[in-house]
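Just so it is clear: chains get the letters A, B, ... in the order the sequence lines come, proteins before strands, and each one is counted from 1.
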Amino acid sequence: MKKKPVDQLSPRVARAEHALLGAEIAAHDRAYYQDDAPTISDADYDALRRRYNALEEQFPELLTAHSLSAKVGAAPSQKFAKVRHSVAMLSLGNVFADEEVYEFVARVKRFLGLAEDAPLAFVAEPKIDGLSCSLRYERGALVQAATRGDGFEGEDVTANVRTLADAPKHLRGDAPAALDVRGEVYMRHEDFKTLNLRQAEAGKPLYANPRNAAAGSLRQLDAAITASRNLHFFAYTWGEASELPAQTQTGMLAFFEKAGLPVNPLAKRCANADEMIAHYRLIEQKRATLGYDIDGVVYKVDDIGLQNRLGFASRAPRWAVAHKFPAERATTILRDIEIQVGRTGALTPVARLDPVTVGGVVVQNATLHNEDEIARKDIRIGDTVVVQRAGDVIPQVVEALLDKRPANAMPYAFPHICPACGSAALREMDESGAADVVRRCTGGLICPAQAVERLKHFCSRLAMDIEGLGDRQIELFYKQGIVKNPADIFTLQKRSARGAFDLTRWEGFGETSVRNLFVAIEAARKPALNRFIYALGVRRIGETNARRLARHFGSFEALRAAALTDDGLAEINAIDGVGAVVAEAVVDFFREAHNETVLDELLAEVAPQPMEAVAASSPVAGKTVVFTGSLERLTRDEAKAQAERFGAKVAGSVSKKTDLVVAGPGAGSKLAKAEELGIEVISEDDWFKRTGQE
DNA sequence: TCCCCTCGAGTTCA
DNA sequence: CTCGAGGGGA
């Protein structure tokens with residue numbers, strides 16, 4: 001059915017269609033997000049969405065009728081219980097080039113204090129493109145299975161995993177009292193094909209790729225459906241274990257195999273980087289004939305003792321890395337370049353593309369990063385461009401194909417005024433005269449785009465976490481003029497009661513949802529100090545720096561008072577991890593006259609909670625430690641990593657700020673200095689005892 | 001002064 | 001998830 005262009009509709013017809021579309025999209029959203037069973041194709045869904053948005057653009061009054069917005073991205077499915085992983089399921093670092101593999105090996109050796117040419121064995125195994133799962137075995141019996149989730153908490157899919165032939169109910173032979181077996185649930189190509197044929201016959205939607213099919217099949221309410229999907233499993237690592245049956249990765253794989261768990265046959269022990277890369281090439285060659293999807297090769301240090309010594313950097317283990325196959329690419333036409341204005345005024349160019357499938361996903365937008373990026377790649381509107389999904393997720397424009405460029409294509413002129421408020425958009429210079437890569441709107445307080453983005457940030461999950469005040473609601477409230485700054489959120493109810501406006505008459509805000517919104521707002525009146533500081537959106541103050549400030553000052557008043565004095569600037573600057581630039585940003589924020597007013601208004605409504613004193617969770621927390629002499633059980637890097645894990649700060653030299661010196665044999669001047677200053681000196685063994693490691 | 005790591009900010013899609 | 005830049009150790 002061909003629909004009339006939106007600009008030919010009467011407002012009445014538009015309203016009716018908008019309402020119908022809203023209901024339809026909401027139903028699809030529910031099917032997709034909550035039931036894991038999309039009822040239409042992505043393309044059809046996108047068409048509905050586009051039409052819906054076009055209606056709103058043409059008839060802005062429809063924005064008040066937003067029954068849809070409240071539901072999008074709403075609470076995840078409740079049908080699976082949550083499972084907390086006792087050992088987190090982390091992701092891996094990625095490398096793409098051979099060169100980086102050599103660097104990885106060198107980095108590992110350096111951390112372990114090994115010579116460059118010292119022997120060190122790794123295991124190389126295919127990286128299966130499925131979904132990670134943790135299978136808990138107690139006394140050899142499968143008792144629970146959980147998805148990865150966010151790495152810390154997943155979903156309980158025990159009933160479904162029990163239907164997998166690859167997941168034995170009982171392990172063969174001797175098994176530890178408790179063992180989390182981890183691996184990948186995946187679907188083979190032939191099963192994927194059969195499944196989609198069946199879906200098509202039943203008039204059901206097709207799965208985009210085997211991974212989605214595996215994910216959709218595992219997260220079924222009815223385990224009988226999972227059983228019919230013929231999912232497979234490879235074991236390749238473990239989480240919590242009462243005891244380990246082996247001391248190496250290869251040993252563990254052998255144990256898995258003996259216990260009746262499938263292990264990928266292409267896992268191979270390699271003596272050095274050259275062998276690892278050779279095995280990568282071999283796997284790459286076999287990729288097409290494996291019968292299942294893989295997206296790279298994983299290298300792990302074989303020795304588990306060494307794995308433990310290496311430990312984890314912030315997000316990923318130091319002892320493993322994924323060598324990814326080159327990202328899949330596609331070509332499409334760049335129709336337009338749109339400029340978005342961020343909370344800090346940053347102008348970000350986004351490419352609007354003709355829809356194209358890349359790696360099983362339809363891509364229509366891709367970030368172009370910044371002005372220089374567009375110029376460097378000489379990307380022009382109308383160009384045929386190559387698109388890839390970086391790290392498998394974020395689409396990016398790789399290059400423009402010059403031989404397909406339309407003759408009239410002009411170099412892209414990046415706007416020098418803000419598209420939202422018309423203010424000049426400038427690139428800040430640092431002292432050396434180098435221009436910042438980002439061009440920023442200077443409209444600051446008068447720019448509506450920045451104001452809205454700041455409000456969204458204020459309400460967001462990691463900040464004030466006000467449920468019911470999502471992006472759409474904030475845009476609406478701002479547009480309607482009832483929320484202009486953060487304090488306005490907290491006076492909504494009062495003003496509503498006075499009859500300044502009636503939310504319940506705005507479609508999409510029934511009495512219940514308005515009541516819930518007000519409850520959520522009330523609940524946000526006593527935020528944790530760190531969240532409150534983060535919510536203010538001070539430049540350069542993200543989650544971590546906000547926490548550092550909160551911990552140091554303990555109360556908002558203390559922070560604010562300090563920011564207004566010169567000594568305060570120095571004090572902020574002295575906080576570990578906070579330097580001159582960040583301290584300056586904090587002080588600038590509090591000294592801005594408009595911010596003072598906004599803060600006063602906000603603090604009349606909200607009481608950020610003082611922080612409890614920094615928890616002394618370990619005996620060395622908060623202490624400054626110096627390691628000296630030759631350590632026999634730890635390398636310097638390890639010692640440092642350990643100390644930081646226990647909340648201590650590591651310094652390179654002994655001063656009166658030092659709390660503890662850990663001295664090995666041969667300690668010289670540092671030890672003497674420590675004794676001179678009367679600082680406590682302990683041995684390496686004492687360190688292990690002190691930190692409760694033995 | 002250089003280099004490495006961490007942090008902030010911005011973004012996509014399903 | 002990635003890029004750029006700040007912070008801090010060498």
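Across all strands, Arg548(A) comes closer than 4.0 Å only to sugar-phosphate atoms, never to a base (heavy-atom distances). Nucleic acid contact class of Val578(A) (heavy atoms, under 4.0 Å, all strands): sugar-phosphate only. Nucleic acid contact for Asn545(A): sugar-phosphate only, since backbone atoms but no base atoms lie under 4.0 Å from a heavy atom of the residue.
Not one side-chain nitrogen or oxygen of Asn94(A) sits closer than 4.0 Å to the OP1 or OP2 atom of dC1(C). Within the structure, every side-chain polar atom (N or O) of Arg343(A) is placed at least 4.0 Å from both OP1 and OP2 of dG8(B). One finds a side-chain N or O of Gln340(A) lying less than 4.0 angstrom from the OP1 or OP2 phosphate oxygen of dT11(B). Contact between the side-chain N/O atoms of Thr344(A) and the OP1/OP2 oxygens of dG10(B) is found at a separation under 4.0 Å. Arg540(A) has no side-chain polar atom (N or O) that falls below the 4.0 Å cut-off from OP1 or OP2 of dC7(B). Under 4.0 angstrom from either OP1 or OP2 of dG10(B) there lies no side-chain N or O belonging to Thr367(A).
dA5(C) atom P lies 11 Å from atom CZ of Arg539(A), rounded to whole Å. Taking atom CD on Glu453(A) and atom C1' on dT11(B), their separation rounds to 12 Å, with Å as the unit. Protein atom CG of Asn365(A) is 18 Å distant from nucleotide atom P of dG10(B), rounded to whole Å. Counting to the nearest Å, the C1' atom of dG10(B) and the CZ atom of Arg454(A) are 16 Å from each other. In this structure, Leu462(A) atom CG and dC7(B) atom C1' are separated by 14 Å, rounded to whole Å.
Between the side chain of Arg540(A) and the backbone N or O of Ala583(A) there is no donor-acceptor pair closer than 3.5 Å. A donor-acceptor pair under 3.5 Å links the side-chain atoms of Lys109(A) to the main chain of Glu116(A), judged by distance alone. The backbone N or O of Phe589(A) sits less than 3.5 Å from a side-chain atom of Asn595(A), completing a donor-acceptor pair. Between the Arg335(A) side chain and the Asp354(A) main chain, no donor and acceptor come within less than 3.5 Å of each other.
Toward the 5' end of DNA chain B, the nearer of the two residues Arg107(A) and Gly342(A), judged by each one's closest nucleotide, is Arg107(A).
Comparing dG8(B), dC13(B), dG10(B) against the side chain of Thr544(A) picks out dG8(B) as the nearest. Residue Pro395(A) places its side chain closer to dC13(B) than to any other of dA14(B), dG7(C), dC13(B).
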